[in-house]
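Sharing a structure, written as structure tokens. Questions coming.
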Amino acid sequence: MRLIPMVVNGQKIVQLSQLTIDQATDLRSWLPPQSIQKVRFQGMDLNDCIPFETYDYWFKTHHIQTFTYETILDF
């Protein structure tokens, strides 16, 4: 399932905590550590945010390919 971005200060972001544990772990291992941002939204600190464009690229290139590969191996 693909996440819908939140818009904070005009930027589209996603929180890694909204992903499944497997997806979040996979995405974190793919990302450079400094790319995970802390964002303040409606008085709350969101500590695990990345730009939606980064997530979207990972989802289209890495996540979908991995899913397809695993599906092929099932046969």
Side-chain angles (χ1 to χ4, degrees):
M1 188 164 122
R2 189 169 169 196
L3 293 180
I4 297 172
M6 299 173 21
V7 178
V8 178
N9 299 327
Q11 296 181 358
K12 291 181 180 180
I13 62 165
V14 294
Q15 271 189 283
L16 296 180
S17 59
Q18 294 177 332
L19 296 167
T20 66
I21 293 171
D22 291 338
Q23 287 178 341
T25 301
D26 189 35
L27 182 51
R28 282 181 190 270
S29 69
W30 180 79
L31 288 169
Q34 66 274 13
S35 63
I36 299 174
Q37 306 167 358
K38 179 180 177 180
V39 175
R40 188 140 180 94
F41 179 66
Q42 295 182 349
M44 296 183 304
D45 288 328
L46 309 175
N47 294 315
D48 59 347
C49 299
I50 61 170
F52 176 74
E53 293 79 19
T54 302
Y55 165 74
D56 192 45
Y57 177 81
W58 170 82
F59 189 86
K60 289 177 181 175
T61 60
H62 186 72
H63 178 65
I64 291 176
Q65 286 178 359
T66 301
F67 179 72
T68 303
Y69 181 70
E70 289 171 352
T71 303
I72 290 170
L73 289 179
D74 289 341
F75 292 105

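Keep in mind the model is a prediction, meaning the values are calculated, not measured. Side chains included, hydrogens not; waters and symmetry mates left out as well; all remaining heavy atoms used.
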Taking only residues two or more places apart in sequence or in another chain, which ones pass side chain to side chain contact (heavy atoms under 4.5 Å, CB included) with Gln11?
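If we apply the side chain to side chain contact (heavy atoms under 4.5 Å, CB included) test to Gln11, skipping adjacent residues, there are no hits.
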Pairwise side-chain contact, Asp26 with His62, heavy-atom cut-off 4.5 Å (strictly under):
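Result yes, sub-4.5 Å side-chain heavy-atom pair found.
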Is Ile50 reachable from Leu3 through a run of hydrophobic residues whose side-chain heavy atoms are each under 4.5 Å from the next?
yes
Return the CG to NZ distance between Asn47 and Lys38, rounded to the nearest 0.5 Å.
5.5 Å
Trp30 and Thr54: which non-hydrogen atoms are nearest, and at how many Å?
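So the minimum-distance heavy-atom pair works out to CZ3-CG2, 4.0 Å.
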From Gln15 atom CD to Ile36 atom CD1, the distance as rounded to the nearest 0.5 Å
11.5 Å
Partner residues of Asp48 under the salt bridge (charged side-chain N to carboxylate O under 4.0 Å, His left out) criterion, sequence neighbours left out
none
All side chain to side chain contact (heavy atoms under 4.5 Å, CB included) counterparts of Thr20, not counting sequence neighbours:
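Testing Thr20 for side chain to side chain contact (heavy atoms under 4.5 Å, CB included), a comparison that skips the adjacent residues, returns Asp22, Gln23.
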Test of understanding: with side chain to side chain donor-acceptor pair (under 3.5 Å), list the residues that count as partners of Asp45, not counting sequence neighbours.
Arg40
Phe41 atom CZ: more than 12 heavy-atom contacts under 6.0 Å:
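Yes, because the 6.0 Å sphere around CZ of Phe41 holds more than 12 heavy atoms from other groups.
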Which heavy atom of Pro51 sits nearest to which heavy atom of Ser35, and what is that distance?
CD-O, 4.5 Å
Say you draw a straight line from CG of Leu16 to CG of Leu31; how long is it, rounded to the nearest 0.5 Å?
6.5 Å
How far apart are the closest heavy atoms of Lys12 and Glu53, and which atoms are they?
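Taking Lys12 first and Glu53 second, the nearest heavy atoms are O-OE1, 4.3 Å.
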My understanding is that only residues two or more places apart in sequence, or in another chain, count here; which of them pass side chain to side chain contact (heavy atoms under 4.5 Å, CB included) with Arg2?
Phe52, Tyr55, Asp56, Phe59, Lys60
Heavy-atom closest contact (Cys49 atom, Leu46 atom, distance)
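Looking at all heavy atoms of both residues, the shortest contact is SG-CB, 3.5 Å.
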